[in-house]
2 protein chains.
Amino acid sequence: MRVGQLAARTGLTTKTIRFYESAGVLPAPARRPSGYRDYDEGAVDRLAFVKAAQAAGLSLAEIREIITVRASSGAPCQHVLTLLDSHAADLDRRIAELTALRADVKRLRSRAGTLDPATCDPTTVCQVIPADGVARPVPTL
Amino acid sequence: MRVGQLAARTGLTTKTIRFYESAGVLPAPARRPSGYRDYDEGAVDRLAFVKAAQAAGLSLAEIREIITVRASSGAPCQHVLTLLDSHAADLDRRIAELTALRADVKRLRSRAGTLDPATCDPTTVCQVIPADGVARPVPTL
DNA sequence: CTTGACCTTCCAGCGCAGTGGAAGCCCTAG
DNA sequence: CTAGGGCTTCCACTGCGCTGGAAGGTCAAG
């Protein structure tokens, strides 16, 4: 099938499919004499895998890694488990950071109700956000 | 003071300070005859505000907004409150997404222990990540 | 006078996952 | 023959907050 039909069947755009090929997560397909890409059913499975892996939070680089391991040394199970563990740990960290940030923001917000706009000094721009209010490093949003 | 000393006093780099000027969150300072930037104490306060606002999760664009409002129409309290509220709501959403993703990842991880590597089919790349496993859209990490 | 630290400007690139557009070829229907 | 829809390639751009480097001016110490 041509790229348009593959796009229709996977819900991706033709742009994205060609981009995935260049990103190394979809093998370059056969070509018709015209130069058109000619995909087999395997491409549908492959794109389903890419989508699932993305939904699990893996980057295209990590997905490419998995595919490479699979192709060169068989089942990439251990590799994938390590990835999932490290992502779960990332998520734990990120969630903790965001939760702390949310607490800070809500604290600022509720403190704001007790402030008198008249006491607001232009040099500090806005007293709702005090210079010593949140000394935390900015988490990756 | 010159940019290097301002950098030393704020813990930023000279690059970052000049970048902040171009981003509109730090006013252009006076210049010495040599062309060197010459900052006053206000710059230290301003950078402290920028840091605090960043730590509260505001982007440079939002910080610039606040500064503009402050300069043109006095205390930007209401504007800032709206921003904080909307950020808190964003954080709620993001945390919920990440928490759901984490649950998915951990589910995949624990399910993986029950799988036999021998049943792993190359067309699906890796059975640890099943095509129908996580149908969730990818949240912004 | 020279060295070296400091400063100036401007341009480029990072990471990430695409998206947009231009110029041009292929194929079929009318 | 022409219109159109699909396909090809390539290059540029998005957002965000910087960071790196090149080419050159300034200034104080030795």
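Values in this document were obtained by computation on a predicted structure and should not be read as measured data. To find a chain, count down the sequence lines: A is the first, B the second, and so on, and within it residues start at 1.
Not one side-chain nitrogen or oxygen of A:Gln5 sits closer than 4.0 Å to the OP1 or OP2 atom of D:dC7. Taking only side-chain nitrogens and oxygens, B:Gln54 never comes nearer than 4.0 Å to OP1 or OP2 of D:dC16. The phosphate of D:dT19 (OP1 or OP2) has a side-chain N or O of B:Thr13 nearer than 4.0 angstrom. For D:dT9, the OP1/OP2 oxygens have a side-chain nitrogen or oxygen of A:Arg37 closer than 4.0 Å.
With distances taken from any side-chain atom of A:Ser34 to the nucleotides D:dC18, C:dC27, C:dT8, the minimum falls on C:dC27. Nearest nucleotide to the side chain of B:Arg31, out of C:dT9, C:dC7, C:dA17: C:dT9. Comparing atom distances between the B:Lys15 side chain and each of D:dT8, C:dC10, D:dG6 picks out C:dC10 as nearest. Nearest nucleotide to the side chain of B:Thr16, out of C:dC10, D:dT8, D:dC18: D:dC18. When the nucleotides C:dC6, D:dT19, C:dA17 are ranked by their closest atom to the side chain of B:Arg2, C:dC6 comes out on top.
We find that CD of B:Glu21 is positioned 12 Å from C1' of C:dT8, with the value rounded to whole Å. Taking atom CG on B:Asp90 and atom C1' on D:dC16, their separation rounds to 15 Å, with Å as the unit. Protein atom CZ of A:Phe19 is 17 Å distant from nucleotide atom P of D:dT8, rounded to whole Å. Distance CD1 (B:Ile17) to C1' (C:dC7): 13 Å, rounded to an integer number of Å. Taking atom CG on A:Leu60 and atom C1' on C:dG18, their separation rounds to 9 Å, with Å as the unit. The distance from atom CZ of A:Arg64 to atom P of C:dG15 is 12 Å, rounded to the nearest whole Å. In this structure, the CG atom of B:Leu47 is 15 Å from the P atom of D:dG17, given to the nearest Å. When the C1' atom of C:dC6 is taken as reference, atom CG of B:Asp38 falls 14 Å away, rounded to whole Å.
Ionic pairing of A:Asp92 and B:Lys106 is present here: one or more N-O contacts between side-chain nitrogen and carboxylate oxygen are shorter than 4.0 angstrom. Electrostatic pairing of B:Arg9 and B:Glu41 counts as a salt bridge here, judged by a charged N lying under 4.0 Å from a carboxylate O.
Here A:Arg18 lies in heavy-atom contact (under 4.0 Å) with a base.
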| task | Take B:His79 and B:Glu62, measure what side chain to side chain contact (heavy atoms under 4.5 Å, CB included) needs, and give me the verdict at the end. | result | CA-CA 10 Å; B:His79 188 69; B:Glu62 289 167 333; over 6 Å; no
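Not a single donor-acceptor contact under 3.5 angstrom links the side-chain atoms of A:Tyr36 to the base of D:dT8. No donor-acceptor contact under 3.5 Å links the side chain of B:Tyr20 to the base of D:dG17.
When all heavy atoms are compared, the tightest approach of A:Asp38 to A:Pro29 is O-CB, 3.7 Å.
Linking Ile, Leu, Val, Met, Phe, Trp and Tyr residues whenever their side-chain heavy atoms come within less than 4.5 Å places A:Phe19 and A:Leu47 in a single cluster.
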